[in-house]
**Student:** 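Below is the structure I would like to discuss, written out as structure tokens.
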Protein chains: 2
Amino acid sequence: MATIRDVAARAGVSVATVSYVINGTKPVAPETAARVRRAMEELDYHPDASAQSLRTRTTHVIGVVVSDIANPFFATLVRGAEDCARQHGYSLLICNTGEDLENERIYLSLLSRRRVDGLLLAPTGKNDELIGRLIDRGMNIVFIDRTPPHLQAPAVLSQNEAGAYQATCHLIERGHRRIGIVLGLPDVSTTAERLRGYRRALAHYGLELDEDLLVYGRSQVAGAREACLALLSRPNPPTAIFATNNLMTIGAMQAIRKLSLRCPGEVSVVGFDDFEWAEAFDPPLTTVAQDPYGIGQQAVGLLLGLLSGDRKPEQVRLPVELRVRGSVARLEGG
Amino acid sequence: MATIRDVAARAGVSVATVSYVINGTKPVAPETAARVRRAMEELDYHPDASAQSLRTRTTHVIGVVVSDIANPFFATLVRGAEDCARQHGYSLLICNTGEDLENERIYLSLLSRRRVDGLLLAPTGKNDELIGRLIDRGMNIVFIDRTPPHLQAPAVLSQNEAGAYQATCHLIERGHRRIGIVLGLPDVSTTAERLRGYRRALAHYGLELDEDLLVYGRSQVAGAREACLALLSRPNPPTAIFATNNLMTIGAMQAIRKLSLRCPGEVSVVGFDDFEWAEAFDPPLTTVAQDPYGIGQQAVGLLLGLLSGDRKPEQVRLPVELRVRGSVARLEGG
DNA sequence: GCTATTGATCTAAACGATTAGGCTAAACGG
DNA sequence: CCGTTTAGCCTAATCGTTTAGATCAATAGC
């Protein structure tokens, strides 16, 4: 593989000159530049990114740490991030934690070895001190989807509380009084925020909070299915379920189907996080739509702003939207 | 950020010794090693990956070039690849081409600048010569999902022809005689293979191929929707549609819905590529299931084998499975 | 006409790791 | 007891870039 010296030799100039024409950092005579460019062409020369990084102390790589890229929410978010990153000459290094804090630890160490220029991080919620140390050591981090509880850091998030509030209000306005909520991981900020929205809606309508209606689905299909099976098998089951993420919505639907209940006939469902095919479902799902693509885009934008120093750290909240379809029944007396 | 010299100084040894304890490349006295390790700990030292790469000429990075990571098929594939890569100390650099050959070109150049150790590539099908040059220059490439037509190269693929054959047979056996097929991008190998399976099934049952029933959906939801709208609005429409990827299956369903046709009552549908929620659809979708996670895993496995030199280049075909659900009607006389 | 500036180029020192080769002292084989 | 090996450590070259500083000629300013 050709190096800068090979190019320099072939063009009859010094390596410095070649570097100048590559980066445009100093003026070079037009005909010299042309000679250099031709030499690069002929040798099929590509500057070695490792050497550049070593010298310039910048990698043009952004680390992305999410729980699971096979989750459409994160997949779309990453797509948004990548589209934006590419436009600015950055690449993405993908890390799936599987919501495991040990994996998160390993990845954060890996990414700091790789000297990534910045990080997009959806924290599991238990590595606060480690993340704090990273930030102190100058690592640029933008949190996505969630934010660590005790850190005021730049982040791009959804309006979780407002979304949960809307979803719950929608159910109440359609006559539901006993509304189950399937919550995600306890240490993740979205869980707390969505629960807050749920509580606020209940309070707004003067409804008592029944602790028995709060169940935890570990943010996964299987977890939600088990939780909902238990919830719906109780003596006094809820008439509606609010599932606080996309996977848990599927889990809830599976539980309903397994118990041979009819949705929305016997149990209504609202899900948090829309997905492309929610409309084609049986029944078409009523959901709170987030904008994962936008989150990814804006997160990279924010991060690049941080890197170039001309943008202050801030928290961005992207709007959500209730999409009413067919999974919520209107109860008499509602 | 601490360097190896800082560690060496603090531990009272030379940089070479530090390197030896990091990599275990030469014997080091236990107490010396302990001192070094403590120094690394205290300084929170992480070896600079760029410097290591420059010196060792290996990056432990695998480039992954797919059309769209927001497509669940590729998202799951990447997840499988990542899980496998991590276990062997490799990271993934993600590139979305959007099926655009110019993007593919840019990315291939970028990845060769980054000196990735290898490549997982789902080629758009039009950059054959460029890819050939890359291979000639020693780049290790494993093709995923598809393979460039004129290159016999290591690849991990699905049994596309067999899958399409099964899907088409299933429709024929249920009495369908006029079966529309929605094809993807013409230059992509999966398109040709799936069409071949379709033809073989027709031939096997002695049915004539009607060219009018072949339509192209550009591998996308919108493209398939338009194509199916046209197809189903003709004087003599098909009684069934075989959509040859997941997105185009959605597009076909949208078209059917838009024309107020009933599925499976008036039009039956089989899709290629299952997705997690196909069962929850209305109607539950009959699909040919691939194993994208397995493709990702095996592709990385193959690539690492290539890198270590103890595995010969080969083509792997992963089995597919017809999952019969509710989107195919049985016609009288079938 | 002299000094200051600028354009165009070069030389050589970094950046932070790995590793060949050298040295010393201890262990070993016969 | 002597030659050979080996453990344990060090020095210094090297990987492929960027860039500060030097050089020299041409141009500009006065």
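Each chain gets a letter, A, B and so on, in the order the sequences are listed, and its residues count up from 1. This structure is a prediction, so every number in the text was calculated from the model and none was measured.
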**Student:** Would you classify A:Thr3 as touching base, sugar-phosphate or nothing, given that sugar-phosphate means primed atoms plus P, OP1 and OP2, and contacts are heavy atoms under 4.0 Å?
**Tutor:** sugar-phosphate
**Student:** Find the distance B:Arg115:CZ to D:dC15:P and express it as a whole number of Å.
**Tutor:** 14 Å
**Student:** Charged N to carboxylate O under 4.0 angstrom, A:Arg105 versus A:Glu102?
**Tutor:** yes
**Student:** Side chain of A:Ala51 only, heavy atoms from C-beta on: which candidate in D:dT18, D:dT17, C:dG21 is closest?
**Tutor:** D:dT17
**Student:** Nearest of D:dG8, C:dT9, D:dT17 to any side-chain atom of B:Ala29?
**Tutor:** D:dG8
**Student:** Does the distance from a Lys or Arg side-chain N to an Asp or Glu carboxylate O, for A:Glu42 and A:Arg35, drop under 4.0 Å?
**Tutor:** no
**Student:** Suppose we call a contact any N or O donor and acceptor under 3.5 Å apart; does that hold for the side chain of B:Arg55 and the base of C:dT18?
**Tutor:** yes
**Student:** Tell me the interatomic distance from A:Lys26, atom NZ, to D:dA22, atom P, rounded to whole angstroms.
**Tutor:** 12 Å
**Student:** How close or far is atom C1' of D:dG16 from atom OH of A:Tyr20, stated in whole angstroms?
**Tutor:** 16 Å
**Student:** Over all strands shown, is B:Ser14 touching base, sugar-phosphate only, or nothing at heavy-atom distances under 4.0 angstrom?
**Tutor:** base
**Student:** Are any of B:Arg57's side-chain N or O atoms less than 4.0 Å away from OP1 or OP2 of D:dT14?
**Tutor:** no
**Student:** Distance check needed: C:dT18 P versus B:His60 NE2, whole Å only.
**Tutor:** 11 Å
**Student:** What I want to find out is whether A:Asp48 reaches B:Arg114 closely enough, with some N-O distance under 4.0 Å, to be called a salt bridge.
**Tutor:** no
**Student:** In plain terms, say whether B:Glu99 and B:Arg146 are close enough for a salt bridge, that is, a side-chain N and a carboxylate O under 4.0 Å apart.
**Tutor:** yes
**Student:** Give a yes/no answer on whether the side chain of A:Gln52 brings an N or O atom under 4.0 Å of OP1 or OP2 in D:dT18.
**Tutor:** yes
**Student:** Should A:Thr17 be listed as having a side-chain N or O under 4.0 Å from OP1 or OP2 of C:dA8?
**Tutor:** no
**Student:** Categorize B:Ser53 for me: base, sugar-phosphate, or nothing, with a 4.0 angstrom heavy-atom threshold over every strand shown.
**Tutor:** nothing
**Student:** Indicate, with a heavy-atom threshold strictly under 4.0 Å, whether A:Arg5 touches base, sugar-phosphate, or nothing.
**Tutor:** base
**Student:** Select base, sugar-phosphate, or nothing to describe what A:Ser50 touches, counting heavy atoms under 4.0 Å on all strands.
**Tutor:** nothing
**Student:** Atom CE of B:Met40 to atom P of C:dG16: distance rounded to whole Å?
**Tutor:** 17 Å
**Student:** Between B:Asp48 and A:Pro27, just flag the one whose closest nucleotide in DNA chain C comes earlier from the 5' side.
**Tutor:** A:Pro27
**Student:** Is the closest side-chain heavy-atom distance between A:Pro123 and A:Ile131 below 4.5 Å?
**Tutor:** yes
**Student:** Rounded to the nearest Å, what distance is computed from the CZ atom of residue A:Arg113 to the P atom of nucleotide C:dT18?
**Tutor:** 10 Å
**Student:** Using a heavy-atom cut-off of under 4.0 Å over every strand shown, decide if B:Ser19 touches base, sugar-phosphate, or nothing.
**Tutor:** base
**Student:** Among the candidates C:dA17, D:dC9, D:dT17, find the nucleotide nearest to the side-chain atoms of A:Pro47.
**Tutor:** D:dT17
**Student:** Would you indicate what B:Ala16 reaches in the nucleic acid, counting non-hydrogen atoms under 4.0 angstrom: base, sugar-phosphate, or nothing?
**Tutor:** base
**Student:** Let me know the distance between CD of A:Glu31 and P of C:dG7, rounded to the nearest Å.
**Tutor:** 15 Å
**Student:** By nearest nucleotide on DNA chain D, pick out whichever of B:Ala33 and A:Leu54 is the more 5' one.
**Tutor:** B:Ala33
**Student:** Salt bridge (Lys or Arg N to Asp or Glu O under 4.0 Å), that's the test. Do B:Asp6 and B:Arg10 meet it? Break it down for me.
**Tutor:** CA-CA 6 Å; B:Asp6 302 327; B:Arg10 177 174 260 260; over 6 Å; no
**Student:** Could you tell me how far apart B:Met1 (CE) and C:dG16 (P) are, to the nearest whole angstrom?
**Tutor:** 11 Å
